Amino acid sequence: MNYALERFTTEVREAIAATGQAEVGQIELTTPRPNIPADLAFPTFRLAKERGLVAPQLAADLAAAIRVGDNSLIGKVEAVGPFLNFSMHPERLAVAVVSEILATGTCYGTHRDGHAQRVVVDYSAPNIAKRMHVGHIRSTIIGQAIVNLYRALGYEVIGDNHLGDWGKQFGVVLASVEHEGKPEGVGEAALEALEAQYARFAAAAKDDLTLDELARQWSLRLEQGDPQARELWQWSVDLTMEAAQRNYDRLGVKIDHAYGESFYEPMLAGVIQEALACGVAYRDAGGAVVIENLQNLPTFLLQRSDSGTLYMTRDVATIVFRMREFSPQKIVYVVGEPQALHLRQLFALIRAMGYAAGVELTHIAFGTVFDAQGQPLSTRRGNMVYLEALLDDAVRRARAVVEHKSPDLPEAEKDAVAEAVGVGAVVYNDLYQDPKRNITLDWERMLATEGNSATYLQYSYARCRSLLRRAREDGGEGPSGELALLVHPSEVRLIKHLARLPEAVREAGARYAPFVVADWCYTTAREFGVFFEQCPVLKAETPLLRGARLSLVAATAQALHNGLSLLGIQAPERM
RNA sequence: GACCCCGUAGCUCAGUGGAUUAGAGCGUUUCCCUGCGGAGGAAAAGGCCGUGCGUUCGAAUCGCACCGGGGUCGCCA
């Protein structure tokens with residue numbers, strides 16, 4: 001796809017090159033700040049320096065020498081000081097942008113950059129036998145947005161849910177089930193009961209050595225593949241995933257695989273052997289397998305002195321497996337910032353072992369969630385917020401607003417809108433800013449219905465759809481092709497912004513930053529708001545203008561919908 | 001002690017080498033429903049871009065040092 005904005009950029013580059021005063025490679029273009037009345041600029045500082053010229057003079061000379069074709073998207077060329085400024089041709093831009101959005105539909109904004117390339121995204125990773133909480137929501141939501149973005153960029157994306165389904169704590173889980181039986185209920189309620197059971201057993205085992213021994217036995221039986229232990233373990237996995245799936249469905253999350261840590265158990269001995277054999281690791285006096293002096297990173301372990309394996313061991317095996325199974329060009333980890341060092345060590349080790357050569361290994365480190373008092377959320381502090389409850393609460397609050405704003409909607413639709421608005425607010429709270437920032441769980445901010453909020457974006461979409469619906473109903477001029485009429489300043493601004501979705505998608509992908517798309521959506525809603533205020537659509541001065549404006553509204557709705565889908569946010573037709 | 005992330009308006013955040021006036025939202029103070037969804041739009045007030053030194057024709061943006069906040073540092077994940 002060669003979008004209008006890309007064609008414009010190419011035309012500018014070629015026009016400059018055609019003057020014979022600059023090589024194509026020397027032409028670095030920038031997007032001017034909003035207060036500059038231009039759409040693309042060529043700062044001539046560098047070229048002037050190379051040629052021993054004065055920048056403003058060079059810019060003026062270039063401006064005089066540039067020739068623009070009859071059907072060019074370039075409207076105006078102007079030298080302003082040392083800058084050579086290019087503006088788009090408003091009428092031709094309107095025709096190009098609006099028609100390409102309507103023609104490409106849900107594909108508008110996508111690319112083929114990643115053609116024949118594969119990306120593995122590691123995200124969500126809930127712990128088995130526990131409820132998902134706010135700590136998992138960030139990985140899940142940001143991860144899914146990254147998956148969506150890379151699919152939109154044309155990559156083949158493989159999502160993998162690296163379940164926390166292994167480790168010493170399972171001995172306690174299984175022992176507690178033997179002790180108290182399986183908890184009643186389903187979903188998160190059952191998991192909550194299981195967590196309580198776990199806590200009771202763990203507390204009791206502190207004073208009762210026979211209980212402690214029981215847990216140890218179960219842990220051992222599980223590792224040795226004992227059928228009964230395995231069956232109980234599988235039951236806890238199923239129970240957890242069933243609950244997780246409800247949350248995933250609501251969040252629009254779909255993860256291709258869920259191998260989980262347990263899957264790699266058979267590969268671990270081999271990984272340790274290999275690390276020892278190739279000399280990056282050694283076995284110390286205590287029997288632990290140690291890696292030190294690796295790229296100035298702190299020393300770390302690949303195997304415990306009691307011969308047990310570690311998170312690191314399983315993560316190495318995971319990369320080995322992913323390379324063999326998927327041959328990806330990139331592996332992306334959507335994991336919290338506290339694990340940054342662990343992942344640097346992992347990446348360094350895997351490279352030292354000769355794996356993943358030429359493969360991009362990326363850690364998208366997201367910040368920690370704090371409560372309103374600035375405390376980290378934790379079970380022990382008792383301030384933990386669980387995902388299902390969070391979503392339910394958000395939806396409940398949204399339902400009250402819907403009831404107040406749109407009392408005439410059918411009840412079922414009110415429910416659907418509340419679900420979209422409530423869940424959308426939770427999702428947007430994780431996507432509207434740079435993931436690496438720590439965030440405070442602020443209900444007011446999260447469930448805001450004004451300003452830079454999911455609700456505002458959904459509202460803008462609903463207004464677009466409402467206009468189009470009413471246009472069909474009143475029998476007047478429908479969306480039409482007289483797009484060159486769209487030259488009102490607020491129309492031009494909106495169109496220019498709509499033209500930027502494709503590059504926003506690219507930038508968001510390159511930076512692993514969904515907020516770039518969120519920002520684009522927000523600005524779209526703002527520009528549409530201004531247009532809506534200043535330009536009557538249904539009662540436009542002429543039928544032709546009405547048709548053109550309806551086309552612009554349709555294009556805005558389509559582009560906004562595409563942007564929101566990338567973020568995983570639903571857009572109701574009315575609300 | 002070492003390393004990583006952050007520090008921009010009262011609050012939450014964009015902007016990370018270039019253009020008279022560093023942008024949004026929330027909050028505050030005003031306006032705009034005889035025109036389509038007011039979950040909207042307009043305007044005002046509010047900033048030594050943590051501090052200092054440096055690099056550069058040019059620094060919120062790059063480098064160094066410091067200060068403040070968050071985090072991590074062999075047998076958890």
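Keep in mind that the numbers below use all heavy atoms, side chains included, and drop hydrogens, waters and symmetry copies. In this text the structure is predicted, and so the values were computed from the model without any measurement. The sequence lines fix the lettering, A, B, ..., with proteins before strands; numbering per chain opens at 1.
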Report task. Could you check which of B/rC6, B/rG37, B/rA24 has an atom nearest any side-chain atom of A/R463? Result -> B/rG37
Report task. Measure from the side-chain N and O atoms of A/K414 to the backbone N and O of A/P407, and report whether any donor-acceptor pair falls under 3.5 Å. Result -> yes
Query raised in the report: Between the base of B/rA19 and the side chain of A/N85, is there a donor-acceptor distance below 3.5 Å?
Result: yes
Query - B/rA14 versus B/rG7 - spacing of their C1' atoms, nearest Å - result: 15 Å
Report task. Remember a base hit wins even if backbone is also touched, and classify A/D434 as base, sugar-phosphate or nothing at under 4.0 Å, heavy atoms. Result -> sugar-phosphate
Report summary line: Counting only Watson-Crick and G-U wobble pairs with both atom distances below 3.5 Å, the stems of 3 or more consecutive pairs that include RNA chain B are B:1-7 with B:67-73, B:10-13 with B:23-26, B:28-32 with B:40-44, B:50-54 with B:62-66
Query raised in the report: How would you label the contact of A/G164 with the nucleic acid (heavy atoms, under 4.0 Å): base, sugar-phosphate, or nothing?
Result: nothing
Query - Closest to side chain of A/A41, choosing from B/rG74, B/rG35, B/rA19 - result: B/rA19
Report summary line: Side-chain contact check for A/L301: nearest option of B/rC75, B/rA19, B/rG35 is B/rC75
Query - Rounded distance in Å between the C1' positions of B/rG47 and B/rG23 - result: 12 Å
Query raised in the report: salt bridge (Lys or Arg N to Asp or Glu O under 4.0 Å) with A/E482: which residues, sequence neighbours excluded?
Result: none
Query raised in the report: For the base of B/rG70, is there a side-chain donor-acceptor partner from A/T368 under 3.5 Å away?
Result: no
Report summary line: Of the listed B/rG74, B/rA39, B/rC36, the closest approach to the A/V537 side chain comes from B/rC36
Requested in this report: Tell me what A/Q169 touches on the nucleic acid: a base, only sugar-phosphate, or nothing, going by heavy atoms under 4.0 Å.
Outcome: nothing
